[in-house]
Number of protein chains: 2
Amino acid sequence: MKNVEEVVEKFQEQRYKITPQRREVFSILVNNENHPKAEEIYTELEARMPDVSLATVYNTLNILEELGMIDAVSIVGDDAVHYDPNTEPHDHLYCICCHRIVDIIRDRHDSNFYEKELLGFRIIKRHITYYGYCPDCQEGLEII
Amino acid sequence: MKNVEEVVEKFQEQRYKITPQRREVFSILVNNENHPKAEEIYTELEARMPDVSLATVYNTLNILEELGMIDAVSIVGDDAVHYDPNTEPHDHLYCICCHRIVDIIRDRHDSNFYEKELLGFRIIKRHITYYGYCPDCQEGLEII
DNA sequence: CTCTTTGCAAACTGTTTGCAATGCC
DNA sequence: GGCATTGCAAACAGTTTGCAAAGAG
């Protein structure tokens, strides 16, 4: 998701209508590196459009995912789905302490290429998540 | 989790009591390669002990996870937590179609070793999941 | 005999659904 | 104007919690 207009076009191609609510969700996601959950997107959206509903956020996210404009990210120990508007192959660092998710782009060999067949499975995509402590949270731990 | 007695000892070390319910959950998990969810463990348990409660399953799983005897596994598109009694480093193959999770042990270089520091994060563990179609489900797709 | 654990039901969180009213195209 | 989309509330799935009764050590 590079810019709002790109997403608008993709929606129109598929005969999905462009509402002010949807356009605003697009603009919250474009260039967003925070891997927000639906609830967080809703909070930001509500500040701009007081009467929106959380269901509209879910509806929009589900279409975006179906169209391949965002990726869903699952984290062990966090039951909400996080959304990533960067659909280029890359990995994630997750801080067990402050729960932030950070993108990490490894060299081409690691991130872009992986076996397309393993144990007879035909592989479509790969998710790599590293669990640990981010720099800020390590400082807090150093006291120990 | 190699055998029930090993788990019993670990529980006793930590002053957790051994109940018939817990012992039965242990035996369901030992050598289980199906990555079951709580609900699935409950179903199997119920067949052996008709009056158990799902809450007891969750209680036991949470202690097992805290003691490091099982790992939790999260899958995009599946909201339930799956449990893996194999805590040796390994990766997972997930079938988008039939939802089965299969262990895959890569060579030592891939599975056991990874950077312990990335972008300033201190890394504790790594999860790799490959999403795709298992051999059985590919057969069904071949018609297309 | 004490204190943990159990079963049950209710609470809770994240997400989906049903539906009348609204509003894109 | 027709049909998708909205907001709201209720429904749903997975998990946790509160509590009286049961039971392990």
Side-chain angles (χ1 to χ4, degrees), chain A residues 4-5 7-26 35-67 70 72-83 99 101, chain B residues 4-5 7-26 35-67 70 72-83 99 101:
Chain A
V4 173
E5 287 317 310
V7 188
V8 167
E9 276 170 38
K10 201 115 176 190
F11 263 56
Q12 287 171 336
E13 266 173 35
Q14 306 297 321
R15 301 285 120 82
Y16 287 119
K17 300 193 171 175
I18 301 301
T19 64
Q21 292 89 333
R22 285 178 177 176
R23 196 182 277 270
E24 208 62 42
V25 172
F26 302 164
H35 311 85
K37 348 186 192 188
E39 191 71 43
E40 292 166 340
I41 294 168
Y42 173 65
T43 301
E44 196 163 335
L45 185 61
E46 210 186 12
R48 309 183 190 181
M49 311 182 93
D51 285 342
V52 270
S53 118
L54 185 51
T56 298
V57 173
Y58 278 108
N59 169 307
T60 307
L61 288 170
N62 288 339
I63 298 170
L64 282 167
E65 193 184 356
E66 171 205 326
L67 299 184
I70 57 177
V73 176
S74 286
I75 294 291
V76 170
D78 185 343
D79 16 4
V81 176
H82 292 258
Y83 291 95
H99 309 118
I101 302 172
Chain B
V4 172
E5 287 318 310
V7 190
V8 167
E9 276 170 39
K10 201 115 175 189
F11 263 56
Q12 288 171 336
E13 267 173 36
Q14 306 297 319
R15 304 283 119 83
Y16 286 120
K17 300 194 170 174
I18 301 300
T19 64
Q21 292 88 336
R22 285 178 177 176
R23 196 182 277 272
E24 210 60 45
V25 172
F26 301 163
H35 310 84
K37 350 186 194 191
E39 190 72 43
E40 290 165 341
I41 294 168
Y42 173 66
T43 302
E44 198 163 333
L45 185 62
E46 209 185 13
R48 311 183 191 180
M49 311 181 93
D51 284 343
V52 271
S53 117
L54 185 52
T56 297
V57 174
Y58 278 108
N59 170 308
T60 306
L61 289 170
N62 288 338
I63 297 171
L64 283 167
E65 193 185 356
E66 170 204 328
L67 299 183
I70 57 176
V73 177
S74 286
I75 293 291
V76 170
D78 185 342
D79 14 5
V81 175
H82 292 258
Y83 291 95
H99 309 118
I101 302 173

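Residue numbers start from 1 in every chain, and the chains themselves are labelled A, B, ... in the order their sequence lines are given, proteins ahead of strands.
Pairing each heavy atom of A/Ala38 with each of A/Leu54, the nearest pair is O-CD1, 4.2 Å.
The OG1 atom of B/Thr60 sits 8.5 Å away from the CG atom of B/Leu45 when rounded to the nearest 0.5 Å. In this structure, CD1 on B/Ile63 lies 10.5 Å from CD on B/Gln14, to the nearest 0.5 angstrom.
Remark: A/Arg15 is not in phosphate contact with D/dA4, judged by side-chain N or O atoms under 4.0 Å from OP1 or OP2. For the OP1/OP2 pair of D/dG7 and a distance below 4.0 Å, the side-chain nitrogens and oxygens of A/Gln21 include at least one atom meeting the criterion. Of the side-chain N and O atoms in A/Thr19, one or more sit less than 4.0 angstrom from OP1 or OP2 of D/dT6.
Nearest to the side chain of B/Ile18, among D/dG7, D/dG2, D/dG25, sits D/dG25.
B/Pro20 comes within 4.0 angstrom of the backbone, heavy atoms only, and of no base.
Spacing between atom CZ of A/Phe11 and atom C1' of D/dT5 amounts to 12 Å, rounded to whole angstrom units. Straight-line distance from the CD atom of B/Glu13 to the P atom of D/dG25: 15 Å, rounded to whole Å. As rounded to whole Å, 14 Å separates atom P of D/dG1 from atom NZ of A/Lys17. Whole-Å rounding puts the B/Arg23 CZ to D/dA24 P distance at 11 Å.
In this structure, the side chain of A/Asn62 engages the main chain of A/Tyr58 through a donor-acceptor pair within 3.5 Å. Judged by distance alone, the side chain of A/His82 and the main-chain N or O of A/His35 form a donor-acceptor pair under 3.5 Å. A/Arg23 places no side-chain N or O within 3.5 Å of a backbone atom of A/Val4 that could act as its donor or acceptor partner. Using a distance-only test at 3.5 Å, with no hydrogens or angles considered, a donor-acceptor pair links the side chain of B/Glu40 to the main chain of B/Lys37.
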Encode nucleotides 10-16 of chain D as B, S and - characters from 5' to 3', where the letter depends on protein heavy atoms closer than 4.0 Å: B to the base, S only to sugar-phosphate, - to neither.
-> ----SBB
For the pair B/Arg22 and B/Asn59, evaluate side-chain contact (heavy atoms from CB on, under 4.5 Å) and give the outcome as yes or no after the intermediate values.
-> CA-CA 9 Å; B/Arg22 285 178 177 176; B/Asn59 170 308; 3.1 Å; yes
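In this pair, A/Phe11 and A/Tyr16 present their aromatic rings tilted. The plane angle is within the 30 to 60° band.
Boundaries of the chain A contact region on DNA chain C are C/dG14 to C/dC25, first to last in 5' to 3' order (nucleotide atom under 4.0 Å from a heavy atom).
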